[in-house]
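To keep things clear, I will list the structure first and then write my remarks on it.
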Amino acid sequence: MHKEPLLSIKDIKKDYVTGEIVTHALRGVDFEVHEGEFIAIMGHSGSGKSTMLHILGFLDTPSSGQYFFDGTDTTKLTEDDLAEIRNKKLGFVFQAFNLLPRTSALDNVRMPMIYAGIDEKIQFEKAKKALAAVGLSHRLKNNPNELSGGEQQRVAIARALINNPRLILADEPTGNLDSKSTEEIMGIFDDLHRKGHTIIIVTHEDNVSDHAEKIVRMKDGMVFERKISEKHEYIAHNKPRD
Amino acid sequence: MNILLTISLAIKGLLANKIRAFLTILGIIIGVAGIIMIVSVGNGAESLIVNQIKSVGSNLIGILPGGREEGEAPAAAYGIVITTLKSEDIKALKEIPHVVGVAGYTKSVLPIFYKNKKAESTVTGTSADYPAVEDAAIDGGRFFNDIDDNSISKVAVLGSQIKYDLFGDMNPVGENIKIKNETFKVIGYMQERGASGFTNNDTLVFIPVKTMQKLILGTNHISMGRVKVDNAEYMDAVVEDIERILRTRHGISNPKDDDFTVASQEQGLQILTNVTGSIKLLLTAIAAIALIVGGIGIMNVMFIAVTERTHEIGLRKAIGAKRQDIMKQFLIEAVAITSLGGILGIIIGGGFSALVAFTIQYLGYDWDLIVTPDSIIIAAGVIVGIGIIFGYAPAKKASLLSPIDALRYE
């Protein structure tokens with residue numbers, strides 16, 4: 001195995017309290033991700049896979065357990081520290097794209113750099129390059145409502161990558177897309193993986209999880225299976241990666 | 001956070017719901033336009049009155065018939081006729097040291113005839129000292145003197161406008177005009193003085209005060225007297241002397257029984273500015289209430305905006321916005337909305353003020369258009385203040401949302 005993992009969680013639990021009813025969304029999960037891995041988290045709705053992704057992405061905090069990210073114990077960090085991690089070390093891709101309405105593709109992609117306080121001239125240069133990389137050079141000035149679903153998701157991916165994150169988190173990124181766009185988007189994720197990016201993707205679709213090298217299955221708030229994906233087993237057998 | 005981008009987003013958000021945006025900023029528009037107009041119209045009205053008083057000349061002391069209560073204007077100022085003041089009273093004041101001229105006045109609006117031409121005029125019976133007292137200059141011929149007055153001469157001096165209306169470019173000196181069936185000889189005409197406050201000096205016709213009393217009005221009192229002092233520092237002393245002399249002449253021992261009022265120009269202005277000042281303050285308070293109501297409207301809309309855009313806030317936090325970034329964004333939006341309303345209010349208020357001023361100026365009155373920079377600066381400050389004060393609570397609420405709760409919100 002590699003050296004230090006990029007992130008590791010130990011015995012993470014998450015309870016939701018609504019009135020007197022306590023829902024155990026996560027019942028003690030251990031999980032490690034190494035630099036350069038492409039992992040799919042699968043499971044039915046209610047399995048805890050989304051809660052897991054939100055906690056990994058610092059959008060939500062665990063009820064108990066430990067979370068080390070990039071060598072830091074994150075459980076003691078403040079809200080603003082976490083915002084900085086989300087801004088500089090993470091990139092999110094959501095099912096519903098989550099672009100700012102009435103805001104051009106270019107400005108959407110600039111947004112994380114604005115919060116990072118990067119020089120405006122550099123913002124525009126980098127945002128244009130990032131949009132070109134996902135094949136949207138001709139759509140810089142368009143607002144989200146003028147873009148197709150596939151195009152919107154490509155803008156979201158460009159935005160996720162803009163601050164050179166250590167980890168890309170995708171929550172059902174193809175859930176709102178047709179099969180053609182799904183293939184295009186997954187092609188981009190494959191590319192990113194090949195370039196060495198670390199990716200965690202939450203999905204319930206096999207044709208999506210097949211793109212990952214590892215699959216983690218969850219059920220009732222626990223991990224019950226970890227395996228190498230079939231596609232990567234096939235690749236590993238026939239054409240070993242360098 | 002990039003301020004320009006935030007402002008452009010705020011404006012795009014506003015334009016996405018035009019009716020709501022308009023209603024939101026309407027309160028601010030009305031409040032700001034109201035304050036600008038009230039200050040401007042108030043200053044204009046004050047300028048009208050002050051110009052009226054100042055145009056008469058400086059270092060003047062006015063004497064009106066009838067007493068007055070402390071701090072109030074005398075009854076004669078409201079047009080009530082009191083007959084206690086005589087021209088001899090005013091003449092006696094010329095003996096006071098530092099007095100350079102004294103003039104009594106009695107006026108009547110009458111038609112003036114020259115051959116078959118007619119002009120409306122305010123016929124003013126006054127003293128030979130009038131030009132000296134009011135800094136008025138003769139353009140041609142001469143003003144009447146004490147001999148004309150004592151002999152009840154039928155001589156007249158024309159204001160420049162009356163001279164033009166009746167004689168055109170012709171020299172009127174030596175011509176005869178008719179006032180109330182009496183024939184008067186024109187002996188001079190005044191230089192153009194322009195309108196001053198409520199009076200157009202150029203439409204006056206001057207005749208000796210005794211002539212006015214005996215031949216035109218059939219009275220023996222005057223409606224007002226003015227005393228010109230050579231130096232401003234003697235004003236108070238002269239006022240005391242006038243009061244003493246008039247009390248002696250009228251046989252008054254207790255100042256409470258005064259049947260006259262003596263006030264320097266300064267004191268008169270003071271009383272008037274007190275009155276106009278308190279009216280302005282009252283109206284400004286009403287406009288300020290409109291602004292506060294407008295501000296509460298902004299707060300309400302900002303709270304709705306926070307709820308509507310909870311998802312957006314979650315997203316912004318997901319990509320790295322800190323609490324203060326979200327806070328700043330909503331504050332900037334609130335200030336942008338109020339500023340938009342404020343700018344429109346300043347334009348509308350300024351426009352209406354100009355309209356009022358030009359209309360009144362067109363009617364020939366001495367009304368200044370006063371939109372002072374400080375009223376605009378104060379309005380602008382108040383606008384930004386309202387944006388911040390009423391934007392703070394919604395902005396704070398937005399900044400405290402947890403990222404995942406906000407993101408889940410649909």
Side-chain angles (χ1 to χ4, degrees), chain A residues 14 16 25 50-51 53-55 57-62 78-104 106-120 123-124 143-145 156 159-163 165 169 171, chain B residues 1-18 20-21 301 304-333 336-337 340 395-410:
Chain A
K14 179 68 182 179
Y16 292 108
S50 285
T51 306
L53 190 86
H54 295 150
I55 287 174
F58 304 105
L59 295 173
D60 209 349
T61 46
T78 65
E79 165 72 28
D80 278 354
D81 294 334
L82 297 179
E84 187 147 341
I85 294 181
R86 288 195 294 267
N87 181 237
K88 300 209 169 111
K89 298 187 174 177
L90 297 181
F92 289 97
V93 180
F94 299 96
Q95 177 174 3
F97 321 133
N98 283 354
L99 300 177
L100 288 184
R102 298 183 289 274
T103 306
S104 69
L106 194 63
D107 284 342
N108 262 295
V109 175
R110 278 173 63 211
M111 206 58 68
M113 292 189 284
I114 292 172
Y115 288 124
I118 289 168
D119 179 73
E120 192 157 304
Q123 285 178 20
F124 281 106
N143 289 349
N145 58 353
R159 179 180 65 188
L161 293 171
I162 201 71
N163 279 348
L169 295 165
D171 190 358
Chain B
M1 183 65 196
N2 183 316
I3 286 184
L4 279 181
L5 192 66
T6 311
I7 292 173
S8 92
L9 263 181
I11 291 169
K12 282 181 194 164
L14 274 178
L15 292 178
N17 197 334
K18 294 191 183 67
R20 187 166 85 193
V301 165
I304 295 170
V306 168
T307 310
E308 271 183 355
R309 290 160 59 192
T310 300
H311 189 78
E312 178 195 321
I313 294 164
L315 168 72
R316 285 177 179 273
K317 289 198 160 190
I319 61 174
K322 293 182 177 155
R323 281 186 174 162
Q324 56 162 355
D325 292 323
I326 301 292
M327 181 96 189
K328 266 192 236 164
Q329 181 193 341
F330 278 87
L331 276 183
I332 289 171
E333 283 197 27
I337 294 171
L340 185 64
K396 186 87 191 163
K397 182 187 169 193
S399 75
L400 292 177
L401 288 169
S402 106
I404 190 61
D405 290 342
L407 259 184
R408 280 211 195 99
Y409 187 91
E410 291 296 338

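Naming convention: chains lettered A, B, ... in sequence-line order (proteins, then strands); numbering from 1 in each chain. If you're wondering where the values come from, they're calculated on a predicted model, not measured in any experiment.
Taking the charged nitrogens against the carboxylate oxygens, R110(A) and D107(A) do have a contact shorter than 4.0 Å, which makes a salt bridge. Between R102(A) and E312(B) no salt bridge is recorded (no basic side-chain N to carboxylate O distance below 4.0 Å). The existence of a salt bridge linking R316(B) and D325(B) is excluded, since no basic side-chain nitrogen approaches an acidic carboxylate oxygen closer than 4.0 Å.
Interface summary for chain A: among A406(B), G314(B), A321(B), the most heavy-atom pairs under 4.5 angstrom belong to A321(B). When H311(B), K317(B), K322(B) are compared by the number of non-hydrogen pairs under 4.5 Å with chain A, K322(B) comes out ahead. No other option in P101(A), A83(A), G117(A), A116(A) has as many heavy-atom pairs under 4.5 Å with chain B as A83(A).
For the pair N98(A) and L407(B), the minimum side-chain heavy-atom distance is below 4.5 Å.
No part of I85(A) comes within reach of chain B, as not one of its non-hydrogen atoms sits under 4.5 angstrom from that chain.
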